[in-house]
**Q** 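What follows is a structure written as C-alpha cells; I'll ask about it next.
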Amino acid sequence: MTRVAIIGGGISGLSAAFELEERRRAGADVEYVLYESSARLGGVLRTEHIDGCVVEAGPDSFITEKPWAADLCRELGLGDELIGSNDADRETYILVRGRLIEMPDGLMFMVPTKILPTGFSSLFSWKTKLRMTQELFHPPGEVGHDESVANFVERHYGSEMVDRLADPLLSGVYGGEAASLSVRAVLPRFAEMERKYGSLGRAMLAARKKMSAGLRRVAPPLFTSLKNGMQHLAETVVSRLTPSSLLTEAPVQAIQREAGGWVVSAGLQSDQFDAVIIALPAAAAAHVLRMASPELAAELAAIDYSSSITVGLGYGADVRQTLPPGFGFLVPRSEGKRLLAATFVHNKFPHRAPEDRALLRSFFAGVNAENVWPLSDDQIVEIVRSELQQIIGLRAEPLFARVYKWKSAMAQYGVGHLERLERIERLRQQLPDLALAGNAYRGIGVPDCVRSGRDAAKQILGTSE
Ligand SMILES: Cc1cc2nc3c(=O)[nH]c(=O)nc-3n(C[C@H](O)[C@H](O)[C@H](O)COP(=O)(O)OP(=O)(O)OC[C@H]3O[C@@H](n4cnc5c(N)ncnc54)[C@H](O)[C@@H]3O)c2cc1C
C-alpha cells in the first residue's frame, strides 16, 4: 500500500486527490490524506449566491483553450453545467484619458490581425499605428536571454502598447506588472513566434491562414465556467473523495525524510507516508520544506506572489439598461486609478444574474490591492463606487456589495522563471517521492492547476498518462 500525503486543499491539491482516488477505485494499492489549513476546501475557488446572482470571489472562469479543467468537469459528470462566455457581446474597453475606448476587432492579445479596425481605432496614436506596420518587417531571431514582457512588447510595438494593452491585460491575469513578468514564462508562444517569424503580426496572420485552410468549425467560447459557479467544481471533486481522507483546519508545519519515507507534521500530530504532494503557494511550500531541503525552500521562496481584491456589486434593472454593452473594461496604470478592471458579469456569462439584475465585479491587484488592503470593506466599496462613477457614470446605490481579499494568491513569473524551475526540478529530484503542484510553476490558471495536481499524482504512482 502506498500512502500519499497531499498538502493543500485548493483545486491543485483536490485534483491530485481526485487522480489518486480514481486510481484507488481502479484497483491501485494507494491511500491518501489531504491536509488543508483552513476550514474549507477549494482554496480561491469560492462562490456566493446572493439575490439570485452568482458572485465569484476568486476565479470566475477558465480559458477554454486549455482543456484540463473542462475535462475534469466532464469526468465529474458536470458536462451539462459548463457554460461558455457570450463572445458575441465580447467588447472590452480600455480607459484612455478618462474615456472608455473599445478594443478594436482582430487584436490577438496585443497583435493586430485586422488592418481597418486597428487603423481607425482611437486606442492607439499614429506613432503606435506606424510601429504596427513596421513590426511586420521585424526580422526573425532569438534574443539569447529572458526579458520582461514590457521589454518584449516595447521592442515590437513601443511603450504605448505596453501601457494601454500588455500591462492591463497581464495584470488582469497575474495581478503583476508587465515590467517584471517573464516573456518566456508568461507568453511563450509570442517568444516562439519572434524566433520563427520575427514579426508577431506576420506569425498571427500565418496561424490564421493555417486555421482557415483546415476544417472550418465554430470557434469555441473564449472562457468557460460553471452554471452554479466555480466553487461547484471544487465541491464536486470533494464529493468524490473519501471523507475520512480529508483533514481541514490541519496546517502542515513541516515535512521530513525519515526511514525511507516522509513524516508530515500538522499541529501536534505526525504521520508517516511513502510520498508527499505539496500543492501550496510557493511561500507556503518553502516553509513546509525548509528542513527537508533548505536549497529547494530558498528557490521556492524566491517566487513572488501578488495580492488581489475582488468586489462584487449587485444592481437593479435600471443599471443593467444603462451600462455599456460588452464584458467590461481595463484601466491602464497611467490613468492613475486604483481599480484595475471591472467586468459586467451579467453580459459575460449566462446564468450569472436574473434579467432584472446587473452584476459588476471589480478588481484591484498588486500595489493597488496592497494600498487598499488595510481599509474596511465599506471603504473599499466606496473607492470602487467612486471610480465606477468617474469611469462609467454609475451613481446608483448597489443592492448588495461583497469584498473578497486574497493575500499573495497569484504567482508572479518573474524574468528568469524558467531557469528557476529547472533548478527547482533538479533539487526536487534529490528528494525521493516528492511532487510539487500549484500555480507557482507552469501556469497560474485553473486548468493549469488541475493538470499540475493530476500530473503530480501520476508522478507519485509512476504512471505518465
Ligand atoms: C482573485 C483571483 C481571480 C482569479 N481568476 C482566475 C480566472 O478567472 N481564471 C483562472 O483560470 N484562474 C484565475 N485565478 C488563478 C487560479 O484561481 C489559481 O491560480 C488557482 O485556483 C490556485 O489553486 P491552488 O490549489 O494551486 O492554490 P490555492 O487555491 O491558493 O490553494 C492552496 C490551499 O493551500 C492551503 N494551505 C496553505 N498553507 C497550508 C499548509 N501549511 N498546510 C495545509 N494547507 C495549506 C490554503 O488554505 C489553500 O486552501 C484567479 C486567482 C485569484 C486569487
Side-chain angles (χ1 to χ4, degrees), residues 5-17 33-47 56-66 68-70 85 171-175 222-226 229-231 233-234 237-238 246-255 264-267 276-290 305-312 340-341 343 345 348-349 361-366 369 403-413 436-453 456:
I6 301 166
I7 309 175
I11 193 62
S12 303
L14 291 176
S15 301
V33 175
L34 183 145
Y35 293 86
E36 164 56 42
S37 56
S38 73
R40 66 177 279 283
L41 295 164
V44 302
L45 268 63
R46 182 170 165 213
T47 309
E56 296 288 11
D60 70 345
S61 59
F62 44 85
I63 296 180
T64 308
E65 199 187 356
K66 296 193 170 189
W68 309 289
S85 47
S171 301
V173 179
Y174 290 87
L222 206 53
F223 303 102
T224 300
S225 192
L226 287 137
M230 296 292 289
Q231 184 173 308
L233 167 58
V237 175
V238 171
L246 307 175
L247 307 182
T248 50
E249 297 181 270
V252 170
Q253 279 103 31
I255 63 167
V264 173
S265 309
V276 176
I277 296 172
I278 300 183
L280 298 173
H287 182 73
V288 160
L289 274 163
R290 68 197 179 284
Y305 269 71
S306 82
S307 299
S308 48
I309 301 176
T310 60
V311 179
L340 168 67
T343 305
V345 181
K348 187 171 173 186
F349 289 104
R361 167 180 155 105
S362 299
F363 190 61
F364 296 93
V403 176
Y404 307 99
K405 292 178 169 175
W406 300 108
K407 190 77 185 163
S408 303
M410 285 170 146
Q412 306 292 293
Y413 300 165
L436 299 171
N439 68 13
Y441 311 104
R442 298 190 185 273
I444 183 181
V446 173
D448 290 299
C449 289
V450 167
R451 182 188 51 167
S452 78

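Just so you know, ligand 1 is whichever comes first in the structure, and atom 1 is the first atom listed for that ligand.
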**Q** Which is closest to atom 8 (O) of ligand 1 by heavy-atom distance: Leu34, Asn439, Asp60, Ile11?
**A**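 Looking at heavy atoms only, Asp60 sits closest to atom 8 (O) of ligand 1.
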**Q** Restricting to non-hydrogen atoms, name the atom on Ser225 and the atom on Phe349 that form the minimum distance, rounded to 0.1 Å.
**A**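 In this case the closest contact between Ser225 and Phe349 is CB-CE2, 3.9 Å.
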**Q** Distance to 0.1 Å, residue and atom name: give those for the protein heavy atom nearest to atom 27 (O) of ligand 1.
**A**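 Residue, atom and distance for the closest contact: Gly10 CA, 4.6 Å.
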**Q** Donor-acceptor pair, Ser307 side chain versus Ser408 backbone, under 3.5 Å?
**A**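 Yes: the side chain of Ser307 pairs with the backbone of Ser408.
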**Q** Under the 3.5 angstrom rule, does the side chain of Ser85 hit a backbone N or O of Lys348 as a donor-acceptor pair?
**A**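 Absent.
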**Q** If you take all heavy atoms of Met230 and Asp60, which pair is closest and at what distance?
**A**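 Heavy-atom minimum between the residues: CG-C, 3.8 Å.
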**Q** My understanding is that we take every heavy atom of each candidate and find the minimum distance to atom 7 (C) of ligand 1. Doing that for Ser307, Ser61, Pro447, which one comes out nearest?
**A**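 Result: the heavy atom closest to atom 7 (C) of ligand 1 is in Ser61.
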**Q** Could you work out, for atom 29 (O) of ligand 1, the closest of Val44, Val252, Thr343 by heavy-atom distance?
**A**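 Checking each option, the heavy atom nearest atom 29 (O) of ligand 1 is found in Val44.
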**Q** Tell me the closest heavy-atom pair linking Pro59 and Val44, and the distance in Å.
**A**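 Distance-wise, the nearest heavy atoms are CD-O, 3.2 Å.
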**Q** Who gets closest to atom 30 (O) of ligand 1 by heavy atom: Pro281, Cys449, Ala369, Ala282?
**A**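 Shortest heavy-atom distance from atom 30 (O) of ligand 1: Pro281.
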**Q** What about Tyr174 and Tyr413, are their ring centers closer than 6.0 Å?
**A**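 Yes; Tyr413 has its ring centre under 6.0 Å from that of Tyr174.
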**Q** Do Ser306 and Gln412 get their side chains close enough for a donor-acceptor pair, meaning under 3.5 Å?
**A**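 Yes, because at least one side-chain N or O of Ser306 sits under 3.5 Å from a partner of the opposite role on Gln412.
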**Q** What protein heavy atom sits nearest atom 39 (C) of ligand 1, and how far away is it?
**A**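 Answer, as residue, atom name and distance: Leu280 CD2, 3.4 Å.
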**Q** Would you say the side-chain atoms of Thr47 and Glu56 include a donor-acceptor pair closer than 3.5 Å?
**A**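 Checked: Thr47/Glu56 side chains pair up, N/O donor to acceptor below 3.5 Å.
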**Q** I'd like to know if the side chain of Trp406 and the backbone of Ala57 have a donor-acceptor N/O pair within less than 3.5 Å.
**A**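 Pair found, side chain donor or acceptor close to backbone of Ala57.
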**Q** What atoms of ligand 1 come closer than 4.0 angstrom to any heavy atom of Gly438?
**A**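 Taking each heavy atom of Gly438 in turn, ligand 1 has 26 (O) under 4.0 Å.
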**Q** Which protein heavy atom lies closest to atom 52 (C) of ligand 1, and at what distance to 0.1 Å?
**A**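 That would be Met410 CE, 3.7 Å.
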**Q** To which protein heavy atom is atom 1 (C) of ligand 1 closest, and what is the distance rounded to 0.1 Å?
**A**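 Nearest neighbour among protein heavy atoms for atom 1 (C) of ligand 1, to 0.1 Å: Trp406 CD1, 3.4 Å.
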**Q** Is Ser37 in polar range of ligand 1, meaning some N or O pair under 3.5 Å apart?
**A**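 Yes, Ser37 has an N/O under 3.5 Å of an N/O on ligand 1.
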**Q** How close does the nearest protein non-hydrogen atom get to atom 48 (C) of ligand 1, and which residue and atom is it?
**A**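 Result: Glu36 OE1, 3.5 Å.
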**Q** State whether any protein heavy atom lies less than 4.0 Å from atom 21 (O) of ligand 1.
**A**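 There is a protein heavy atom less than 4.0 Å from atom 21 (O) of ligand 1.
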**Q** Run the numbers for me: atoms of ligand 1, each under 4.0 Å from some heavy atom of Ser308, listed by number.
**A**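 So the atoms of ligand 1 that pass are 1 (C), 53 (C).
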**Q** Identify which of Gly175, Ala409, Ala16 has a heavy atom lying nearest to atom 53 (C) of ligand 1.
**A**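 Comparing heavy atoms across Gly175, Ala409, Ala16, the nearest one to atom 53 (C) of ligand 1 lies in Ala409.
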**Q** Taking 4.0 Å as the limit for heavy-atom contacts, which would you say applies to Pro59 with ligand 1: side chain only, backbone only, both, or neither?
**A**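 Both of them.
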**Q** Heavy atom under 4.0 Å from ligand 1: found in His287's side chain, backbone, both, or neither?
**A**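 For His287, there is no contact with ligand 1 at all, from either part.
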**Q** Given Asp448, Leu45, Ile444, Ile7, which has its nearest heavy atom closest to atom 18 (C) of ligand 1?
**A**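 Minimum heavy-atom distance to atom 18 (C) of ligand 1 goes to Ile444.
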**Q** Please name the pair of heavy atoms, one in Tyr305 and one in Ala409, separated by the smallest distance, quoted to 0.1 Å.
**A**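 Here Tyr305 and Ala409 meet closest at CD2-C, 3.6 Å.
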**Q** For the residue pair Ala437 and Tyr441, what are the closest heavy atoms and their distance?
**A**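 The answer is O-CE1, 3.6 Å.
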**Q** Output the list of atoms in ligand 1 that are nearer than 4.0 Å to some heavy atom of Pro251, sorted by atom number.
**A**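 Answer, ordered by atom number: 42 (N).
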**Q** Looking only at protein heavy atoms, which one is nearest to atom 24 (P) of ligand 1, and how far off is it?
**A**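 Protein heavy atom at minimum distance: Ser12 OG, 3.4 Å.
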**Q** Which residue and atom name correspond to the protein heavy atom nearest atom 11 (O) of ligand 1, and how close is it?
**A**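 Going atom by atom, the protein heavy atom closest to atom 11 (O) of ligand 1 ends up being Val446 N, 2.8 Å.
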**Q** Looking only at heavy atoms, which two atoms of Cys449 and Gly443 are closest? And how far apart?
**A**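 Taking Cys449 first and Gly443 second, the nearest heavy atoms are SG-O, 4.4 Å.
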**Q** Hey, which atoms in ligand 1 end up nearer than 4.0 Å to a heavy atom of Gly43?
**A**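 With Gly43 as reference, the close atoms of ligand 1 come out as 29 (O), 31 (O), 49 (O).
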**Q** Less than 4.0 Å between a side-chain N and a carboxylate O, is that true for Arg442 and Asp448?
**A**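 The answer is no: the pair does not qualify as a salt bridge.
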